[in-house]
Amino acid sequence: MRMVIALGGNAIKKPKEKGTASEQLGNVQETCQHIWELVRDHQVVITHGNGPQVGNILIQQEASEPYVPGMPLDICVAESQGLIGYMIQQSLRNVLQVHGVNKEVVTIISQVVVSREDPAFKTPTKPVGPFFSQERAEELRKGGISVVEDAGRGYRRVVPSPNPLRLIEAPMVASLLDQGKVVVAAGGGGIPVEEKKALCGVEAVIDKDLASEIVAEAIEADYLIILTDVDQVALNYNKETQENLDILTDCEAENYLEQGQFAPGSMGPKILSAIRFLRGGGKKAIITSPRRVREALLGEGGTQIVPHSGSQ
Ligand code: ADP
Ligand code: MG
């Protein structure tokens with residue numbers, strides 16, 4: 001089977017950690033322990049988030065501003081794909097080797113096409129990088145950068161988060177899968193690019209779950225597996241009436257999404273990705289944690305989202 005496995009932020013950096021190299025590598029190694037059997041048995045593309053990593057790159061840039069020229073956000077995303085891809089390539093290869101599996105892992109620096117017409121460009125909403133003083137915020141604003149006050153914590157740059165349309169490298173990803181390779185792609189949602197006469201980087205970030213869905217459709221994956229820090233999706237999440245969901249159809253998921261059951265910046269895009277994937281021909285979407293993924297794939301855990309017609 002073909003599948004996309006999307007790794008959530010926790011798979012790489014846990015919220016309370018500083019994010020040292022050994023912490024991050026340790027988390028990636030632990031995640032690989034949970035997924036190596038799937039990687040052995042199936043054609044797998046791994047996607048991942050990059051929020052804390054790209055945030056740290058931006059903080060470094062701000063701190064070294066007088067000495068080293070800062071890079072635009074698209075290049076920072078590319079940097080983060082390299083650093084996270086490296087950790088996954090090495091950790092996964094090591095665990096596969098320990099179990100006698102000779103499967104190569106490769107990271108594709110991934111460009112994802114977005115449209116300038118996307119309404120997200122009119123109202124940038126996604127905060128990224130360091131907190132600024134009011135003075136620095138004013139300075140940045142003069143340079144044409146959108147900066148907002150962030151809940152009394154200081155000023156922060158906000159960037160658009162447009163809808164992903166197409167992964168430029170999708171044919172290469174598909175051919176690597178055909179050759180039996182494991183592919184890390186669309187890291188951090190991919191590098192946002194505009195497709196005019198030529199490709200050109202854009203100052204934006206793309207949601208990694210929506211980008212994972214684009215990849216899954218492009219490679220005609222059977223399954224889209226989204227790994228995060230909860231074992232299951234819930235209704236009335238974090239309330240006394242919380243009810244975990246074992247299985248639901250794309251239509252049920254859409255109804256709950258419209259009712260506001262899934263928070264916009266976190267579970268919302270995962271559910272939307274699942275719906276899009278099933279409507280684009282996918283067989284099943286699974287949302288669960290890394291430790292539950294093996295049983296979830298056997299239909300025995302996590303939250304399974306299935307096509308409406310197939311569920312009857
Ligand atoms: P990731 O890095 O894996 O994308 P997110 O924080 O973006 O992580 O999304 C996962 C989070 O979504 C969970 O930790 C949980 O707090 C939150 N969440 C919001 N709504 C729900 C819901 N209805 N059911 C389960 N989790 C939810
Ligand atoms: Mg998220």
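Remember, it's 1-based here, ligands and their atoms both numbered in the order they're listed. Each residue takes its place number in the sequence, starting with 1.
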Student check: side-chain heavy atoms of Thr303 and Val230 closer than 4.5 Å: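 Side chain of Thr303 against side chain of Val230, heavy atoms only: no contact under 4.5 Å found.
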
Proximal ligand 1 atoms for Phe262, defined as those under 4.0 Å from one of its heavy atoms: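 Checking each atom against Phe262, I get 23 (N).
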
Under 4.0 Å to a heavy atom of Gln261 - the qualifying atoms of ligand 1, by number: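 Heavy-atom distances to Gln261 below 4.0 Å select 23 (N).
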
For [atom], what's the nearest protein heavy atom and its distance?
atom	value
atom 16 (O) of ligand 1	Tyr237 OH, 2.9 Å
atom 2 (O) of ligand 1	Gly9 N, 2.7 Å
atom 20 (N) of ligand 1	Met267 CB, 3.5 Å
atom 23 (N) of ligand 1	Ala234 O, 2.7 Å
atom 14 (O) of ligand 1	Asp229 OD1, 2.5 Å
atom 17 (C) of ligand 1	Ser266 OG, 3.7 Å
atom 3 (O) of ligand 1	Thr228 OG1, 2.6 Å

Residues, nucleotides or ligands: over 12 heavy atoms within 6.0 Å of Glu149 CD: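 Yes - once you tally the heavy atoms of other residues, nucleotides and ligands closer than 6.0 Å, there are more than 12.
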
Lys208-ligand 1 polar pair, N/O distance under 3.5 Å: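 So ligand 1 has an N or O lying under 3.5 Å from an N or O of Lys208.
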
Heteroatom proximity flag, Gln232 to ligand 1, N/O under 3.5 Å: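 No.
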
side-chain contact (heavy atoms from CB on, under 4.5 Å), paired with Val101, selected from Glu37, Arg40, Arg93: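 Testing each of Glu37, Arg40, Arg93 against Val101, the sole residue satisfying side-chain contact (heavy atoms from CB on, under 4.5 Å) is Arg40.
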
Under-4.0 Å heavy-atom contact with ligand 1, by part of Lys270 that carries it: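 It is the side chain that gets close, since no backbone atom is under 4.0 Å.
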
Side-chain H-bond candidate by donor/acceptor type, Glu252 with Tyr256, under 3.5 Å: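 Checked: Glu252/Tyr256 side chains show no N/O donor-acceptor pair below 3.5 Å.
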
Residues Glu62 and Arg157 bridged, charged N to O under 4.0 Å: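 No.
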
Lys103/Asp41 ion pair, N-O < 4.0 Å: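 Salt bridge absent between Lys103 and Asp41.
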
Chi angles and distances behind the salt bridge (charged side-chain N to carboxylate O under 4.0 Å, His left out) call for Lys142, Glu139: CA-CA 5 Å; Lys142 280 186 198 136; Glu139 222 174 277; over 6 Å; no

Verdict with reasoning, Asn50 to Ser80, per side chain to side chain donor-acceptor pair (under 3.5 Å): CA-CA 7 Å; Asn50 72 340; Ser80 76; 2.9 Å; yes

